[in-house]
Amino acid sequence: MDILEILGRINNVLWGPPSLILLFGTGLFLTIALKGLQFRKLIYAFKIGFGKEDSKDAAAEGDVSHFKALMTALAATIGNGNIAGVATAITLGGPGAIFWMWIVGLLGMATKYGEALLAVKYRVKNENGEYSSGPMYYIERGLGRKFKGLAIAFALFGAFAALGIGNSVQSNTIADVTSNSFGMANWVTGIILVVLVSFIIFGGIQRISAVASFFVPIMAFLYIGGALLILILNYDMILPAFELIFYYAFNPVAAAGGFLGVVVSEAIRNGVARGIFSNEAGLGTAALIAGNARADHPVKQALVAMTGTFIVTIVVCTMTGLTLLITGFWDASGGLISGITHDATLEGGALTSAAFGSVLGVVGEYIVSFSVIFFGFSTIVGWYVYGEKCFEYLVGSRGIAGYRLVYIAACGVGTIANLATVWAFADMANALMMIPNLVALLLLWKVIVAETNDYFNNFYENAKIARSPERKIG
């Protein structure tokens with residue numbers, strides 16, 4: 001039995017019915033407890049993150065602004081999970097996988113809201129005077145020291161997961177695309193990444209957030225613009241693509257072309273697993289950076305954090321999914337646009353790149369290629385913050401230098417590793433982070449509701465942002 005088969009069996013257990021019920025259940029429970037806050041307050045949340053609210057919090061405690069905290073989180077979240085991950089989800093689970101990604105994203109907005117709220121409420125200052133936050137802190141400080149073991153488990157899995165989901169997976173996909181698009185040897189890509197990543201992460205949270213705030217909006221605009229152009233050029237195929245998504249969300253896909261066919265359970269499993277990979281709702285990662293934001297109330301950053309899930313899943317992943325379905329680059333049978341064929345051996349980011357190229361030519365390929373490179377690079381940098389916070393909790397600030405070296409080495413190794421193995425490793429790490437975090441959120445739900453009520457019954461009304469008082473949530 002090889003390592004890939006072992007990881008596959010582990011993931012079948014970790015992503016089995018109990019985990020899926022826990023994930024969906026937590027998101028649904030928080031959505032009900034907060035009376036659909038993620039839908040009712042989405043516009044207001046965007047105003048905080050992208051409007052003038054940042055200036056009002058300039059004097060509040062924290063290390064970075066709402067916008068920079070969001071951009072750093074998006075740098076770690078908008079990555080190759082949205083490009084290569086969506087392609088992998090569809091090729092393994094069929095079009096219906098996109099539907100389950102949406103469900104995970106919509107319910108996950110409430111989950112991420114809760115994570116970020118607790119992060120700010122229970123954050124602490126480290127030895128360097130910077131804020132540290134995350135599930136390990138709200139588990140220990142919110143639930144008490146008797147739950148210390150759960151906090152340690154999350155931190156251990158988080159430090160471990162950062163090496164995979166946020167690092168080697170990204171560098172592997174970058175190397176795959178640079179090899180296909182530019183003929184660059186994987187080991188050359190690895191050296192370049194190692195040098196650039198080293199420069200950024202040794203500059204600390206301020207340099208990382210500054211880089212993220214500059215690159216993320218540009219990258220998102222470039223990629224979404226390219227996908228939107230494909231959809232406009234093939235507007236008559238959009239409705240049929242949605243029909244495929246909804247139909248195969250509840251019906252098995254028969255073998256056709258290069259597609260082997262899947263049952264509904266595979267659509268759900270791959271949609272959920274890749275959905276979590278793309279938006280990270282439930283993993284607790286949002287809490288690892290949210291505590292660094294300057295905010296005069298925990299709810300403010302919580303609202304900003306949940307917009308990240310909407311941007312990543314409902315916007316970016318949907319664009320990728322529709323493009324793949326319209327061009328037929330999920331089953332090698334021609335798709336909704338007749339006459340398009342492709343190399344059935346392509347996978348991940350290279351598959352998405354080919355799909356863009358089939359409509360936009362070499363320009364489309366370069367859009368995806370550069371998006372993968374920059375998205376992946378920003379994710380590597382952003383996820384370093386997550387890994388460092390987890391490792392710091394375990395060993396203190398003195399051990400961070402060693403973790404940096406391991407993280408940089410994993411970045412280089414990822415470029416020459418087997419893609420299937422790297423993705424399987426990432427899925428396992430995701431589940432191991434998710435479980436202790438979701439348990440903590442369910443146990444602390446009353447704190448989340450109480451803080452939300454306090455904000456909308458006091459801060460929100462006093463600031464006169466709303467024209468009429470909010471109805472009490474709890």
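None of the values given here were measured: they were computed from a predicted structure.
In this structure, Phe391 has its ring center no closer than 6.0 Å to that of Tyr384. Aromatic rings from Tyr137 and Tyr131 are positioned such that their centres are separated by 6.0 Å or more.
With hydrogens and angles disregarded, no donor-acceptor distance shorter than 3.5 Å links the side chain of Thr415 to the backbone of Ser171. Here the side chain of Asp454 pairs no donor or acceptor atom with the backbone of Ala450 at under 3.5 angstrom. In this structure, the side chain of Ser378 engages the main chain of Phe375 through a donor-acceptor pair within 3.5 Å. Listed for the Asn186 side chain is no donor-acceptor partner under 3.5 Å among the backbone atoms of Ile416. In this structure, the side chain of Gln301 does not engage the main chain of Ala116 through any donor-acceptor pair within 3.5 Å. With Ser168 contributing its side chain and Leu163 its backbone, the two residues share a donor-acceptor pair below 3.5 Å. In terms of modelled atom types and a separation under 3.5 Å, the side chain of Thr31 and the main chain of Gly27 share a donor-acceptor contact. Here the side chain of Tyr122 pairs no donor or acceptor atom with the backbone of Ile139 at under 3.5 angstrom. The closest donor-acceptor contact from the side chain of Thr313 to the backbone of Gly105 lies at 3.5 Å or more, if one exists at all. Using modelled atom types, one side-chain atom of Glu115 and one backbone atom of Gly284 make a donor-acceptor pair closer than 3.5 Å.
The aromatic rings of Tyr366 and Phe370 sit tilted relative to each other, their planes meeting at an angle between 30° and 60°.
To the nearest 0.5 Å, the span separating CZ on Arg294 from NZ on Lys300 amounts to 12.5 Å. Separating the CG atom in Leu438 from the CG atom in Leu283 is a distance of 8.5 Å, to the nearest 0.5 Å. Taking CG from Leu117 and CG from Leu444, the interatomic distance works out to 10.5 Å, rounded to the nearest 0.5 Å. The distance from the CD1 atom of Ile373 to the CD atom of Gln170 is 13.0 Å, given to the nearest 0.5 Å. Residue Tyr403 holds its OH atom at 12.0 Å from CD of Glu392, rounded to the nearest 0.5 Å. Considering NZ of Lys389 and CD1 of Ile400, their distance stands at 8.0 Å, rounded to 0.5 Å.
When all heavy atoms of Ala227 and Met319 are compared, the pair lying nearest together is CB-CB, 3.7 Å. The heavy-atom pair separating Ala119 from Ala290 by the smallest distance is CB-CB, 4.1 Å. Contact between Asn167 and Ala410 at its shortest, heavy atoms only, is ND2-CB, 3.7 Å.
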>> Evaluate Ile201 against Ile408 for side chain to side chain contact (heavy atoms under 4.5 Å, CB included), listing each step before the verdict.
In response: CA-CA 9 Å; Ile201 67 175; Ile408 291 169; 3.9 Å; yes
> Given the rule in the side chain to side chain contact (heavy atoms under 4.5 Å, CB included) test, do Phe154 and Met433 qualify, once you have shown the distances and angles that lead to the verdict?
Replying inline: CA-CA 6 Å; Phe154 176 87; Met433 286 181 69; 3.7 Å; yes
>> What verdict does the side chain to side chain contact (heavy atoms under 4.5 Å, CB included) test give for Ile245 and Leu322, after you've listed the backbone C-alpha separation in whole Å, the side-chain angles of each residue and the deciding distance to 0.1 Å?
In response: CA-CA 9 Å; Ile245 293 171; Leu322 290 176; 4.1 Å; yes
>> Let's go through Thr307 and Leu303 carefully: what are the C-alpha distance in whole Å and the side-chain angles of both, what is the deciding distance for side chain to side chain contact (heavy atoms under 4.5 Å, CB included) to 0.1 Å, and is it a yes or a no?
In response: CA-CA 7 Å; Thr307 65; Leu303 289 167; over 6 Å; no
>> Checking Thr309 against Tyr113 for the side chain to side chain donor-acceptor pair (under 3.5 Å) test, could you report, in this order, the C-alpha distance in whole Å, the side-chain angles of both residues, the deciding distance, and whether it holds?
In response: CA-CA 10 Å; Thr309 301; Tyr113 172 88; over 6 Å; no
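There is a side-chain donor-acceptor pair under 3.5 Å between Thr189 and Thr178. Checking Asn437 against Tyr138 by side-chain atom types alone, a donor-acceptor pair falls below 3.5 Å.
More than 12 heavy atoms of other residues, nucleotides or ligands sit less than 6.0 Å from atom CG of Leu405.
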